[in-house]
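For reference, the structure discussed in these notes is given below.
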Amino acid sequence: MIKKMMHGNEACAYGAIIAGCRFFAGYPITPSSEIAEELAVLLPQVEGKFIQMEDEIASMAAILGASLNGIKSLTATSGPGFSLKQENIGYACQTEIPCVIVNVQRGGPSTGSPTMPSQEDFMQSRWGTHGDHFIVVLSPSSVQETFDLTVKSFNISEKYRTPVILLMDEIVGHMTEKMILPEPGEIEIIDRKKPSVKPEDFRPYENTEDGVPPMAAFGSGYRHHVTGLMHDETGFPTNNSEIIQKQKDRWKKKFDLARDTVVFTELTDAEDMEYLVFSYGSSARCTRKAVKIARENGLKVGSMKALTLWPFPGKELEKVSRGLKGIVVAEMNMGQAIREVERAVGKNVKVLGANRYDGESMHPDDILSVIEKF
Amino acid sequence: MIKKMMHGNEACAYGAIIAGCRFFAGYPITPSSEIAEELAVLLPQVEGKFIQMEDEIASMAAILGASLNGIKSLTATSGPGFSLKQENIGYACQTEIPCVIVNVQRGGPSTGSPTMPSQEDFMQSRWGTHGDHFIVVLSPSSVQETFDLTVKSFNISEKYRTPVILLMDEIVGHMTEKMILPEPGEIEIIDRKKPSVKPEDFRPYENTEDGVPPMAAFGSGYRHHVTGLMHDETGFPTNNSEIIQKQKDRWKKKFDLARDTVVFTELTDAEDMEYLVFSYGSSARCTRKAVKIARENGLKVGSMKALTLWPFPGKELEKVSRGLKGIVVAEMNMGQAIREVERAVGKNVKVLGANRYDGESMHPDDILSVIEKF
Amino acid sequence: MQKKRFMITVDERLCKGCENCINQCPKKVLELSAKLKAYPARQEDCIGCLRCEYICPDFAITVTEIKGDSNEN
Amino acid sequence: MQKKRFMITVDERLCKGCENCINQCPKKVLELSAKLKAYPARQEDCIGCLRCEYICPDFAITVTEIKGDSNEN
Amino acid sequence: MSFRYEIRLSGAGGQGLILIGKILAEAAAIFADLNATQSQSYGPESRGGASRSEVIISDEDIDYPKAGNVDFLLAMTQEAFDKYGEMTKNGGIVVYDMEMVHTPRQLEGVRVFPAQITELAIKEFSKPIVANMVALGIVINLSNILGIETVKEAIKSRVPKGTEEINLKAFDLGYEKGKELQGL
Amino acid sequence: MSFRYEIRLSGAGGQGLILIGKILAEAAAIFADLNATQSQSYGPESRGGASRSEVIISDEDIDYPKAGNVDFLLAMTQEAFDKYGEMTKNGGIVVYDMEMVHTPRQLEGVRVFPAQITELAIKEFSKPIVANMVALGIVINLSNILGIETVKEAIKSRVPKGTEEINLKAFDLGYEKGKELQGL
Amino acid sequence: MKTEIVLSYLRKDKLPHIWCPGCGHGIILGSMMRAVHKTGWKKDDIALVSGIGCSSRTPGYVDFNTLHTTHGRSLAFAAGIKFSNPRLNVISVMGDGDAVAIGGNHFIHAARRNLNITALVFNNYIYGMTGGQFSPTTPYKAIASTTPYGNIDKNFDIPSLAIGAGAGFVARSTAIHVPGLDDIIYQALNYDGFSVVEIISFCHVQYGKRNKLKTPLSMIDWLKSIALPIAAYEKLGEEQRRDKIPIGIFKNIPTEEYSQKYIKEIIDPNKSKDSILKDYCKAKLYDL
Amino acid sequence: MKTEIVLSYLRKDKLPHIWCPGCGHGIILGSMMRAVHKTGWKKDDIALVSGIGCSSRTPGYVDFNTLHTTHGRSLAFAAGIKFSNPRLNVISVMGDGDAVAIGGNHFIHAARRNLNITALVFNNYIYGMTGGQFSPTTPYKAIASTTPYGNIDKNFDIPSLAIGAGAGFVARSTAIHVPGLDDIIYQALNYDGFSVVEIISFCHVQYGKRNKLKTPLSMIDWLKSIALPIAAYEKLGEEQRRDKIPIGIFKNIPTEEYSQKYIKEIIDPNKSKDSILKDYCKAKLYDL
Ligand SMILES: Cc1ncc(C[n+]2csc(CCOP(=O)(O)OP(=O)(O)O)c2C)c(N)n1
Ligand SMILES: Cc1ncc(C[n+]2csc(CCOP(=O)(O)OP(=O)(O)O)c2C)c(N)n1
Ligand code: SF4
Ligand code: SF4
Ligand code: SF4
Ligand code: SF4
Ligand code: SF4
Ligand code: SF4
Ligand SMILES: [Mg+2]
Ligand SMILES: [Mg+2]
């Protein structure tokens, strides 16, 4: 066990290397650049490759190329770059190529407030690319969680052949605090499933029981075709509507089956709660503080922190929402996760937003003042 | 009045020209290319400019540049290009530059099914770019509506200084039917508000009563600065959190005030309905047919067609949903608008999706079979 | 010198009848059949230059030297 | 020939004390003040070459010819 | 009672089936004051591959613009015949190009007409490209849904300038051919 | 009872305030086994402009990592003093650099110490860059929140190789200066 | 005889391909396969990457590790493949739109960076796949679906662009100069660094039909009339050069390849650096 | 005396600018303003467009119609401005990252298309704004925050790239070769078509500090030691050229400007075409 002070962006770089990431392609952008900078130092030390590409589109493309070689790959960016990556993120969804994309959010839209914290990309992280697709989005609230969730991001991405987005906020990215690195053996590392059949029988988009087809690396003898067009089980393009439907239904099945293993939440002070504060990322820390103060003031407040943003933990939330007097959704934007909360709990529980979108970090008072409104 | 047979993409081109569009920049992509092709013919005839750029990013940038000159501008694309435009769409939101972006949807994600119909970009059209932002999205279900909504798109975009997205589907884009061109004087054309103050008093992001600041063209004597950074009323960058909040609150005010004038829906067979089918775009035509058949079979079914997708007509829907036995959301995707319907009506009304996502056009039976499930 | 002889086969599943081979053959060996496929109308004139193979976009045509005893001078 | 004379003014709100002017002045006219701003320590040596103006990234320094009757030879 | 007539024109890209679909629709909607829609399916991206053009003609607003209950099928390739033959409604009509469809199946409850379409175009005009007009003539004759003059107006407004004559001639030829088929 | 101590280090980009923030946090969290967070605000994009580094030290988990109730303010520019002086909590401490802050205001309920920081760094080491270490010495002395050896460990682990000595010396000097200030 | 070789590299069950009858792209594909054959590379060791377009449908027919990516991004995907596993031989196939319209930035950066990738640009002067819009190589005054009044855009000269960006191997040939094309592709494949071959293809369907070159034959004849070897071209006067295209190898100089440089200058000196990560990374996590 | 001229074009209330003390970008801004002054253009008739980066902060300080866009997209926005209103004089300011990393495609297409835009590339060999990552112009072996072990990327030669893409006016100077720079910018502004001036700037803060050039003075001295006029450069042997940069005008030939060509060849012959739209468009809907 090693204790180390680092900021969230560093922790992400460490988590990646330990998860087995050996390829990074990126383009600098505040407030994410330290992830690239750290990996430029670390990757060669473990015989990995670091490349700075000409832009974010190329970076996204490059990590997909590397992942097709069987190499775990990462890119990191912020809003403007994240928007540019969307087309190729969709390609990763369509072709089911594992990869991890970090978005350290800034205030937006556009160039916005590059050095100021925000959680404004909650919806985009799920819906940013065109076309029906599924994706997993995790969001850490501390340096330690950044490390842990980076490793988990790679594991999920490998296990389910899906891009995973690690949605960080500037506060977590740039905050320095203690991180504990578990012993090497203690960290679960998952690698993608490889084909066990003969090359000629290999179907790269086979409808397996768990919906996750095995994946062969380029150069491993399993020559196959990968395309962004809708394709059949063998990976070749199709216009056949039955096959198209089958492929999409398999995606749904895969994510339905995976759902419970990729949705992480933390519930605190829930036993007697009358109010619940729902939050994620750095807002969740602020929430913890607010809950403490509220309880000191005699209010029965509990909290739910979402570590997984998508699939949205609506089920978990719905379960604990029954009978509550109110739910506060604390987030640094004009109201995004609150939409999902409303959907999940229906009109039976009153839901209010505690929103901060002025470029400052959320303050416990922002939450407390909303609780008072119920 | 002129009657003409045309397909939706042509109607869009005609609508644009009549709305006053004099600049088009684009990059070809199926199934939207005919809009560009038609405008390449028509624009020079009315002394407008057509330019084919090197990619979609540049196209989006170019129309914003032209709009800053006071010229109504259009671009048209499909999914992959729409994803690429997202960064600069965010720029248009941040800087409040009027412009119209047409997305003739294809099946997705990624290259997907380029020639097959879909409505899979419903969510992306609202949330595709990073950062808090507002946007208006319209969607036509016929050639006539394409013409009408193209004109409306320009009007809304000019009136409210906002990008407007015209979200078409391949069926409407490529279907030929009769269109009626009203007499020149009969069509309402709105132009952006110009400053009336002296140049030195001009504040391009002034907090006016309606939240819409006047806009001066480059070269008109009102020299000013435009930036994608968060900025103050004068348009210059700021890190001041109070000012940032004020700007964003003005955006909200602007769209709140505009809401009812930009949300268009059509309700039919509603008087006695027990079931409602909600749909948009070409699915709405299929819905009309399904409703007829259902009524012939003795089922009391009504329909709501949304011509405006965003702001979502949740209020309108909620109002008519009370007491219904069920709502069907008919759309050619795996379930997108249904999320908004659920949010709008809460858990009191049962909501089911009639979804088609196999590249074929929706069929009335797809809807009828869902109605049967209630 | 012994004149080489060639056999020309057209895979009809692949041939799209584009006439590239027909047009580029220096000896006018090939023609289009009623089924709109290329076929060797004058195989005996073939000099084995392979232009038809090189210019066929569909890998439908193959020219093989006929080895054997038919020694015509 | 009559020697030209120059007046050098530094706008202290603009000067960032980068020393570009100081370093590029061929006559060592300029120095850094205690307030970390450039100032003309030896204005009389100035030959009006304008290098300081050209190299100042902050438009803080201005050199003006002093016209008048002080004719020193 | 209202009527709805569905025509499916199917074959390969480049056979000009989309054009005759548009002509049919225009004839109905502009020159005959009915309602009509024309829509199509494409192959990969915008070019090549199978082609399907559908025309719906009705005296009411057309809700659903896709063919569901096909009254009339024109099949210009074997693939088209195989794929869409069965989908034609009871009492409907199928016309296929003998040049292209070599193994037609029996279709129950449907009147099936083999016709020399491409052959005629080549023979009479040395232009296989006008086969679509020949086919259009046959469609108009057999379907009896639109007046011949209406269609001729629409042809004139849709075909490239300078080609009106040959196209109209091909259409007429098809129309005559239609009579002949009826007479069988 | 648990404790939470908030230190705000404010001034301009390039003054090394983020570094001493990290040193403070590392001293507390790694070498003194407390909990600590360090965070900061930037100017436009990643460079230049005002700089603010905040350190929270606590014996409990630190929920909220931003300073709300500042116990100790170091102000290295006039702007920083003006902006953050008032936000210091009752009973808190403010130290400012006399070289940079020319018009300090009165702050009620707060002990305000003017100190020669940059001046000392220049005078003693001819290196204005070590002013941050001088300041750190003063902070440690006046705040009394961390042991001097703990902080020295952290300095050694954070400053560039080869510069340990001068940095430690500057720190010591600041520490002594702190004593002097206390003695006022 | 050659056809057999070509077919042995193709996925025969995917044929006939989607290209229109007579299309130049198919001719180039044959040439590519013969060139690959000459290298002796194993199919397993080749990755063929493309963007989107008619030309970019090539990978689907070839029995290698094949990748059909997004429009314009072929070289960026290829960079990830080559850099992460230098053992693979990487070929990138692109159309003119793919390579130098939307993909122009990746093109010039690939030329600058110098990973060992062979870029084959199938230039048919048009966007074929999307129905005949003009591209940055469409000739002056030509009609395309988006230049109804004739094209006024200046063209890229692809070899000049590649050279300006720093490419070490730059050549041009045409679809009809087979088997000479085979050799040029072969040399490009063998070049240790980034190599570009612009191959003038033809699209009678989208380009030709609008420009009085309706048939493959007329396009072939046209190409014959305009293409000539560099040396011959250089002998022409400026006026005579106007409508001619020089073909041959424009540049072929040795350069240092990027992934090798990275290994030599970045990985090798640093891989033994002491790091707390070492313990976590004892076992190589992947095996190339 | 010159300062006064410069200030007369600036938004004085926005000064001092955000650039670090001594930064080369400010020097270039002065030069630009003197060049603009010489053209006699009215402030109202000038549009200054930039991307994102330190250099791209320029428009904020200049009293024209100013536009600070997205990273790399300056020339694409500028194209929309120039093409839709050719009456405006359009200048585009970009950093090296802006112009030839993320913006490379717009750069080469602007060069090809030939709209009358003057592109000024402030090349400081680094990404200044984001904290010192390497760019496509960072010298070999230089340290940047993303090349901790030294840079191995080959560079773009910006003039070669522009020429390869077809630009008609291509020049290079440096921030310290004032007032010579004024004249080169002036010539570029006056050129009727797309013109590029690469201006070597310097960033002692992000580039210098990592590469033993900590102060503006040391960077200025370094620039003095490497830059020399094209003619002098050409006299050097290959070996001697290694660390030198030629400055001056590389190419200046007359070309046909795009928006004028469009009006002449596309609009003028077609604007009177009969169209049902005519009735709807009788009144010009905008007035330029
Ligand atoms: C981002 C994006 N933009 C546009 C398209 C549409 N598109 C597909 S292929 C193509 C161009 C094809 O031209 P080219 O690259 O020259 O290849 P060709 O078909 O001529 O061989 C275009 C514009 C797309 N698929 N993706
Ligand atoms: C799409 C996008 N990617 C990345 C960034 C981050 N970014 C801002 S400026 C910049 C580079 C600045 O370098 P350069 O263009 O050379 O200008 P300089 O600051 O050196 O003058 C980068 C990468 C961004 N704002 N947007
Ligand atoms: S090999 Fe030559 S001569 Fe023989 S058929 Fe082919 S092209 Fe003609
Ligand atoms: S070139 Fe090939 S495809 Fe074309 S006709 Fe000849 S054999 Fe058939
Ligand atoms: S004008 Fe020349 S001599 Fe005078 S101060 Fe400036 S640089 Fe020195
Ligand atoms: S160059 Fe300008 S900013 Fe720098 S010290 Fe001189 S006057 Fe001041
Ligand atoms: S459209 Fe053109 S490029 Fe595409 S396959 Fe057909 S002929 Fe070839
Ligand atoms: S970081 Fe570099 S380029 Fe940016 S302002 Fe400072 S010195 Fe200039
Ligand atoms: Mg092409
Ligand atoms: Mg730079």
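All chains are named by letter (A, B, ...) in the order of the sequence lines, taking the proteins before the strands, and each is independently numbered beginning at 1. Quantities reported herein were computed from a predicted structural model and do not represent experimental measurements.
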Quiz prompt | Residue, of D121(B), V345(B), T95(B), I89(B), that accumulates the most heavy atom pairs under 4.5 Å with chain A | solution = D121(B)

Quiz item: Counting only heavy atoms not in K253(A), do more than 12 fall under 6.0 Å of its NZ?
Solution: yes

Practice problem: Pick one of side chain, backbone, both or neither for N348(A), based on which atoms fall under 4.5 Å of a heavy atom in chain B. | Solution: side chain

Practice problem: Under 4.5 Å, counting heavy-atom pairs only, tell me which of Q245(B), E360(B), Q247(B), M123(B) racks up the most with chain A. | Solution: M123(B)

Self-check item: Neighbour count above 12 (heavy atom, 6.0 Å) for K315(B) NZ
Solution: yes

Practice problem: Could you tell me whether the side chain of I57(A) reaches within less than 4.5 Å of the side chain of I57(B), counting heavy atoms only? | Solution: yes

Practice problem: Check whether any side-chain heavy atom of I244(A) sits under 4.5 Å from a side-chain heavy atom of S113(B), and report yes or no. | Solution: yes

Practice problem: Measure distances from A344(B) to the heavy atoms of chain A and classify the residue's part below 4.5 Å as side chain, backbone, both or neither. | Solution: backbone

Exercise. Could you look at F82(A) and say if it's the side chain, the backbone, both or neither that has a heavy atom under 4.5 Å from chain B?
Key: neither

Quiz item: Does any N or O in the side chain of Q124(A) come within less than 3.5 Å of the main-chain N or O of G128(B), such that one atom is a donor and the other an acceptor?
Solution: yes

Exercise. Name the member of P80(A), G359(A), G108(A), A92(A) that forms the most heavy-atom pairs with chain B at distances under 4.5 Å.
Key: P80(A)

Quiz item: With only heavy atoms counted, which part of E56(A) is less than 4.5 Å from chain B, the side chain, the backbone, both or neither?
Solution: neither

Self-check item: Which atoms of M116(A) approach chain B - backbone, side chain, both or neither, heavy atom under 4.5 Å
Solution: side chain

Practice problem: Considering non-hydrogen atoms only, spot the tightest contact between S83(B) and H130(A) and give its length. | Solution: OG-ND1, 2.8 Å

Exercise. Please look at R339(B) and chain A and tell me whether the side chain, the backbone, both or neither of the residue comes under 4.5 angstrom of a heavy atom of that chain.
Key: both

Quiz item: Any Lys/Arg nitrogen of E120(B) or K248(A) sitting under 4.0 Å from an Asp/Glu carboxylate oxygen of the other?
Solution: yes

Quiz item: Shortest non-hydrogen contact from D132(A) to Y357(B)?
Solution: OD2-CB, 3.7 Å

Self-check item: E342(B) side, atom CD; E340(A) side, atom CD - distance, nearest 0.5 Å
Solution: 9.5 Å

Exercise. For R126(B) and W127(A), run side-chain contact (heavy atoms from CB on, under 4.5 Å): C-alpha distance rounded to whole Å, both residues' side-chain angles, the deciding distance at 0.1 Å, then the answer.
Key: CA-CA 9 Å; R126(B) 171 67 183 92; W127(A) 302 105; over 6 Å; no

Practice problem: Identify the heavy atoms of D358(B) and S241(A) that sit nearest to each other, and give their distance. | Solution: O-CB, 3.1 Å

Quiz item: Between G346(B) and K347(A), what is the shortest heavy-atom contact and its length?
Solution: CA-CG, 3.5 Å

Practice problem: Heavy atoms only, distances under 4.5 angstrom: which of G79(B), S78(B), G90(B), C93(B) has the most pairs with chain A? Name it, please. | Solution: G79(B)

Exercise. Answer yes or no: is there a donor N or O on one side and an acceptor on the other, between the side chain of Q94(A) and the main chain of P109(B), under 3.5 Å?
Key: yes

Exercise. Flag the pair L229(A) / P114(B) as yes when at least one side-chain heavy-atom distance between them is below 4.5 Å, and no otherwise.
Key: yes

Quiz item: Contact part of Q119(B) toward chain A, heavy-atom cut-off under 4.5 Å: side chain, backbone, both or neither?
Solution: neither

Exercise. Report the option among N240(A), D249(A), T227(A) that has the most heavy-atom pairs separated by less than 4.5 Å from atoms of chain B.
Key: D249(A)

Exercise. Can you tell which part of Q105(A) gets under 4.5 Å to a heavy atom of chain B, answering side chain, backbone, both or neither?
Key: neither

Quiz prompt | Choice from M230(A), H133(A), Q86(A) maximising heavy atom contacts with chain B below 4.5 Å | solution = M230(A)

Quiz item: Measuring heavy-atom distances to chain A, does S118(B) have an atom under 4.5 Å in its side chain, in its backbone, in both, or in neither?
Solution: neither

